[in-house]
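Scroll down for the structure; my scribbles are underneath it.
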Amino acid sequence: MGIRLEQITLREIRMPLVHFFETSFDRITARRIVLVEVQSGGVSGWGEVTAGENPFYNEEWTESAWLILRHFVAPRVLNQTFECAAEVGARSAHIRGHLMARGGLEAAVWDLEARMLGKPLYQHIGQGAPAKPNEGASRREIPCGVSIGIQDSVEQLFQKIETELAAGYQRIKMKIKPGWDVEVVGQVRKRFPGILLMADANSAYTLADAQRLKHLDEFNLMMIEQPLAHDEIIDHAKLQAQLKTPICLDECIRSAHQAEQAIAMDAGRIINIKLGRVGGFAEARRVHDVAQKAGIPVWCGGMLESGIGRAHNIALATLPNFTLPGDVSASRRYWARDIIDPPVEVTARGTIAVRDEPGFGYQLDREFLDSITVRRDSLS
Ligand code: OSB
Ligand code: MG
């Protein structure tokens, strides 16, 4: 089956968050999200660009993603025929970086291909994946954790954690930064002695902070995520050698090759895989496979996605080596109203049930989507 991309539509939507989200690099209250719709033979596939509003997580942001897609990616794939979605990434591989922009389009083509085959996306991406130790097929329910941003007070953080535990979430990730780290993590651990807890620094430290970070070893954290620079692997290896707590790599893993290098030098013992950060499903699967071979567990990260990106993350997290609870959680934690129907919901045991409809598995709420679209560009 060939896929000819006959039309590509970019949209930007604006969605206010129900609660601000603060990391070591910024605080945001609303998202500006680029969506990509690809069409072939009357069928549409959808993808979401996971770039943030500012170039602070990595170098991409809403505007750069729009321009790269409009001027460089779309012209290279429009009216081209692909054997399969896995080939799409290569067509824009000579564009340096901009993996989230490229990944948004790539993911849309996987969704399109799954729909053309009448298959759920999770089954489609799972094809050829090595089986889990005890089961033959993909996971039908994915384990969920939550990522809780920096709050205005420790009391507010406690309240958030209570709420999420009551909802059933299996692990709590808290954001840290200098000034909101060892003390606060210690207080959280004291208040919630038994929970699965981890901390994410989003590159807020350097090796010079090793002594401070070592104090985190006292709190039985599952992992410390990306403590050092966004593009640094070697220093993470130097830090890991001094820490008992496993380091989880996020920002600095953009490809399977980098994952292999990081694993070889023991720069981290867990990998957070984000679909956009690695440029789409084909590379995400390769990162997954490299980690699985090395005995390194992975989990699915989040970028405050709307329903489309969220549904793609759910599909990704069904692959066998996604053994740890991820950052993919219910729509209602982010949005008063999501763009998909039904919204993503979490069971009382802190899981998301995988849906069996073709493609990403949810209906689009078109009317709402149109009402929050602030610009649109259709190319054919
Ligand atoms: O580092 O995982 C991160 C959000 C924006 C940018 C970076 C990160 C995050 C999150 C939120 O932790 C995960 C989510 O709830 O989508
Ligand atoms: Mg992170």
Side-chain angles (χ1 to χ4, degrees), residues 15 17-33 48-62 65 99-100 142-151 157 160-161 163-164 167 169-177 180 197-205 221-232 236 246-254 268 270-278 298-314 316-317 324-335 338 343-344 346 350 352:
M15 293 177 86
L17 287 162
V18 295
H19 187 264
F20 67 80
F21 192 79
E22 183 173 327
T23 58
S24 61
F25 56 80
D26 74 350
R27 173 187 284 204
I28 65 154
T29 55
R31 297 285 338 268
R32 295 179 59 197
I33 299 172
E48 175 166 341
V49 175
T50 62
E53 288 60 46
N54 301 301
F56 301 155
Y57 167 80
N58 61 15
E59 73 287 352
E60 295 188 76
W61 63 301
T62 312
L99 289 161
M100 291 172 158
I142 65 157
C144 307
V146 290
S147 173
I148 302 182
I150 293 162
Q151 305 297 317
L157 176 61
K160 291 243 152 220
I161 296 173
T163 303
E164 306 300 5
Y169 287 104
Q170 299 182 13
R171 74 99 170 95
I172 300 291
K173 158 168 144 184
M174 56 181 287
K175 293 288 188 179
I176 58 169
K177 66 173 181 183
W180 182 272
L197 180 66
M198 59 173 289
D200 185 359
N202 288 110
S203 304
Y205 300 91
L221 300 180
M222 295 176 83
M223 65 195 91
I224 300 170
E225 189 176 340
Q226 196 74 30
L228 308 180
H230 70 100
D231 54 356
E232 181 62 67
H236 278 108
I247 290 176
C248 170
L249 299 174
D250 175 355
E251 282 89 328
C252 67
I253 303 299
R254 293 168 176 238
I270 298 170
I271 295 176
N272 163 343
I273 300 183
K274 289 181 181 165
L275 191 55
R277 194 193 69 223
V278 302
V298 304
W299 52 274
C300 187
M303 291 295 289
L304 313 174
E305 287 91 346
S306 80
I308 294 175
R310 198 163 295 282
H312 283 147
N313 287 341
I314 294 166
L316 180 62
L324 298 169
D327 276 350
V328 184
S329 57
S331 299
R332 69 158 60 89
R333 296 190 58 249
Y334 308 83
W335 322 116
D338 203 342
V344 173
V346 164
I352 295 172

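Along the sequence shown, the residues carry numbers beginning at 1. As the structure is a prediction and not an experimental result, all values here were calculated from the model. Each ligand, and each atom within it, is numbered from 1 in the order the structure gives.
At a threshold of 4.0 Å, the pair R171-D327 counts as salt-bridged, since one of the basic side-chain nitrogens sits closer than that to a carboxylate oxygen. The pair E60-K274 does not count as a salt bridge, with every side-chain nitrogen at least 4.0 angstrom from each carboxylate oxygen.
Distances from atom 3 (C) of ligand 1 to the heavy atoms of E225, K274, Q226 show the closest one on K274. Across the listed options S147, C248, G302, G302 owns the non-hydrogen atom lying nearest to atom 9 (C) of ligand 1.
If you check which protein heavy atom lies closest to atom 4 (C) of ligand 1, you get F21 CE2, 3.6 Å. Nearest protein heavy-atom neighbour of atom 1 (O) of ligand 1: N202 ND2, 2.7 Å. Ranking protein heavy atoms by distance to atom 15 (O) of ligand 1, first place goes to Y334 OH, 2.5 Å. Looking from atom 16 (O) of ligand 1 to the surrounding protein, the closest heavy atom is L304 N, 2.9 Å. Counting only heavy atoms of the protein, atom 6 (C) of ligand 1 lies nearest to M303 SD, 3.6 Å.
When only interatomic distances are considered, the shortest N/O to N/O separation between R333 and ligand 1 does not fall below 3.5 Å. Inclusion of K175 in the set of residues having an N or O under 3.5 Å from an N or O of ligand 1 is warranted. An N or O contact shorter than 3.5 Å links K173 to ligand 1 by distance.
With a 4.0 Å cut-off on non-hydrogen atoms, D200 touches ligand 1 through its side chain and not its backbone. Of the heavy atoms in V146, none comes closer than 4.0 Å to ligand 1.
Between the side chain of N272 and the backbone N or O of G301, at least one donor-acceptor pair lies under 3.5 Å. Using a distance-only test at 3.5 Å, with no hydrogens or angles considered, a donor-acceptor pair links the side chain of Y205 to the main chain of K177. Checking side-chain atoms of R310 against main-chain N and O of E305 turns up a donor-acceptor pair under 3.5 Å. In terms of modelled atom types and a separation under 3.5 Å, the side chain of T29 and the main chain of H19 share no donor-acceptor contact.
Among the candidates T50, D250, N58, the single residue satisfying the side chain to side chain donor-acceptor pair (under 3.5 Å) test with R277 is D250.
In the model, S306 has no side-chain atom that pairs as donor or acceptor with a side-chain atom of Y334 under 3.5 Å.
No side-chain heavy atom of S24 sits under 4.5 Å from any side-chain heavy atom of K175.
Nearest N/O/S atom of D200 relative to the Mg ion (ligand 2): this is OD2. Between the Mg ion (ligand 2) and the N, O or S atoms of E225, the shortest distance is to OE2.
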- [ ] For side-chain hydrogen bond (donor to acceptor under 3.5 Å, both in side chains), just list the numbers for N202 and E251, CA-CA rounded to whole Å, side-chain angles, deciding distance to a tenth of an Å, and then say yes or no.
- [x] CA-CA 8 Å; N202 288 110; E251 282 89 328; 2.8 Å; yes
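Near D250, meaning under 4.0 Å from one of its heavy atoms, ligand 1 places the atoms 1 (O), 2 (O), 3 (C).
Among the atoms of D250, an N, O or S atom falls under 2.8 Å of the Mg ion (ligand 2).
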